[in-house]
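Before any comments, here is the structure.
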Protein chains: 2
Amino acid sequence: MVQLVKRLTAEDWERAALDAIASGGLAAVAVEPLARRLGVTKGSFYAHFRDRNELVDATLRRWEEIHVNAFVASMQTTDEPLKRLQALMAMATNAARRGTIQGRLLLESDDPRVRAALKRVTELRLERLEAIFAQLGHSNGAAAHRATAAYAIYIGLLQLAREVPERLVDERALIDELLRVLGQVHA
Amino acid sequence: MVQLVKRLTAEDWERAALDAIASGGLAAVAVEPLARRLGVTKGSFYAHFRDRNELVDATLRRWEEIHVNAFVASMQTTDEPLKRLQALMAMATNAARRGTIQGRLLLESDDPRVRAALKRVTELRLERLEAIFAQLGHSNGAAAHRATAAYAIYIGLLQLAREVPERLVDERALIDELLRVLGQVHA
DNA sequence: ACCTGAACACCGTTCAAGT
DNA sequence: ACCTGAACACCGTTCAAGT
């Protein structure tokens, strides 16, 4: 017989929470509204999670998995270091425009749970960037500096694309120039 | 006669709200907790403001005034362009560490009211930065790019100082190198 | 195991009534 | 003008009871 009364799983709640973050940030991960959206009463939520905090944790872990995988994949499309940097920078402004979960989470990073998830993602990216700059001929110390600089630019562009989008119309030229400057073997 | 029953003004509420933002972000601007802190009942709040939103607006306007003034003052301590850049970058990491209101607001910039206040502050800073790069001998277009780049780095460092503070132990060397690179007359 | 429905605490907002 | 105290709506959490 077909089961007309659909029963939910923890994963259903996490998926709904991810949607909520994308459109309304962490604050939108609210038990009662999610319950309404899922067609159940809020009481049933506590059959899956101890409290709202546990849902937030589980949802962030889910995002982290998805996100790290996507990043690694996009890096593997080319071996040329400069093209890899270009792809990374392009991701920044696109992410801001599309209003992705990552963009949201950056803005929620005063939350220790969010910061922990972002930190792991950031460290992975910094390692990759360092490798790229080493490939470009930089010494160890210089590669670390350039990697940090490049990632700071990435984060900053994400922010500026929201704040002053007009400034970034010339974005491609801006990024090209930055990469030329950062890519130079210097001392 | 001494007035033992202190009556509050709108400004008292705004000051308390600024303190709340510094320690707990926008979410901490909550009528009932503020009322408790001020020693009145929450009902009296509505004698000063129409609603919580109006308090947030007034508080952000107050911050903007204070903040723009501080920035302009710090820029006027020296005429040397490179030293001005250095001062700006040092502000970024210090701001993150001290947990200033600005650091908080950057993280709340998905709120349209916050974005409007930040946008005005950002535009003023970008203008100043452009002037500095022009002074360093860059053409108009290049100066605009470098200004945007420098400000992106500023914002990015603010974020990274929270996320991966260990990476910024070598901060002075990092900033110096960045400024050397960005300051170069190039093409 | 998952769900409902009622309960209570907390904060935003309103309002009648006090000074 | 500013304040109190009670009321109501909304969301987090608990719990007894249902399937």
Side-chain angles (χ1 to χ4, degrees), chain A residues 1-62 104 107-108 110-114, chain B residues 1-62 104 107-108 110-114:
Chain A
M1 246 204 87
V2 183
Q3 186 158 4
L4 289 174
V5 200
K6 34 188 169 180
R7 308 185 122 226
L8 300 176
T9 70
E11 213 178 308
D12 292 323
W13 286 90
E14 290 164 22
R15 265 195 255 279
L18 272 180
D19 287 348
I21 290 177
S23 51
L26 257 200
V29 180
V31 177
E32 195 169 52
L34 286 179
R36 264 199 303 271
R37 208 164 184 281
L38 290 167
V40 292
T41 59
K42 57 183 177 174
S44 71
F45 169 78
Y46 296 89
H48 304 285
F49 301 93
R50 206 186 326 154
D51 52 20
R52 178 183 176 274
N53 186 56
E54 206 175 278
L55 170 63
V56 170
D57 282 343
T59 305
L60 289 175
R61 242 175 266 123
R62 183 168 291 276
R104 286 285 179 182
L107 298 177
E108 314 261 16
D110 54 338
D111 182 308
R113 300 163 301 187
V114 173
Chain B
M1 249 204 84
V2 183
Q3 188 160 2
L4 290 175
V5 200
K6 34 189 168 179
R7 307 185 122 226
L8 300 176
T9 69
E11 214 178 306
D12 292 323
W13 286 90
E14 291 165 23
R15 265 195 254 279
L18 271 180
D19 287 347
I21 290 177
S23 51
L26 258 199
V29 180
V31 178
E32 196 169 50
L34 287 178
R36 263 198 303 269
R37 209 165 185 281
L38 290 166
V40 293
T41 59
K42 57 184 176 173
S44 71
F45 169 78
Y46 297 89
H48 304 284
F49 301 93
R50 207 182 329 150
D51 53 20
R52 177 182 176 275
N53 186 57
E54 206 176 276
L55 170 63
V56 170
D57 282 341
T59 304
L60 290 175
R61 242 175 266 123
R62 183 166 291 276
R104 286 285 179 182
L107 298 177
E108 313 262 14
D110 56 339
D111 182 309
R113 300 162 301 185
V114 174

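Everything numeric here is computed off the predicted structure, so don't read it as measured data. Lettering of chains follows the sequences in order, A, B, ..., and the numbering in each one begins at 1.
In this structure, A:H48 places its NE2 atom 13 Å from C1' of C:dT4, rounding to the nearest Å. Atom CD of B:E32 and atom C1' of D:dT4 are 14 Å apart (whole Å). Atom P of nucleotide C:dG12 and atom CH2 of B:W13 are separated by 10 Å, given to the nearest angstrom. Whole-Å rounding puts the B:D12 CG to D:dC2 P distance at 10 Å.
If you take CZ on B:R61 and CD on B:E14, they are separated by 8.5 Å, rounding to the nearest 0.5 Å.
Set against C:dT4, C:dC2, D:dC3, the side chain of B:L8 has D:dC3 as its closest nucleotide. Out of C:dC11, D:dC11, C:dC3, the shortest distance to the side chain of A:V40 is found at C:dC3. Distances from the side chain of A:P33 to the nucleotides C:dC11, D:dG12, D:dT4 place D:dG12 closest.
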Go through B:H48 and B:D12 one step at a time and tell me if the side chain to side chain contact (heavy atoms under 4.5 Å, CB included) criterion holds. CA-CA 10 Å; B:H48 304 284; B:D12 292 323; over 6 Å; no

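In this structure B:A30 satisfies the side-chain contact (heavy atoms from CB on, under 4.5 Å) test together with B:P33, sequence neighbours excluded.
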Pairing of DNA chain C as dot-bracket, 5' to 3': ( ) intra-strand, [ ] crossing, | other strand, . unpaired, with Watson-Crick or G-U pairs under 3.5 Å? ||.|||||...|||||.||

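Side-chain atoms of B:D51 come within 3.5 Å of backbone atoms of B:E54 as a donor-acceptor pair (strictly under, hydrogens ignored).
For the pair A:R15 and A:D19, the minimum side-chain heavy-atom distance is 4.5 Å or more. A 4.5 Å side-chain heavy-atom check between A:D57 and A:F49 finds every atom pair outside the cut-off. A:V29 places none of its side-chain heavy atoms less than 4.5 Å from the side chain of A:T59. Using a 4.5 Å heavy-atom cutoff, the side chains of B:F45 and B:L34 are not in contact.
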Spell out protein contact along nucleotides 13-19 of chain C as letters: B when the base is contacted, S when just the sugar-phosphate is, - when no protein heavy atom is under 4.0 Å; keep the 5' to 3' order. BB----B

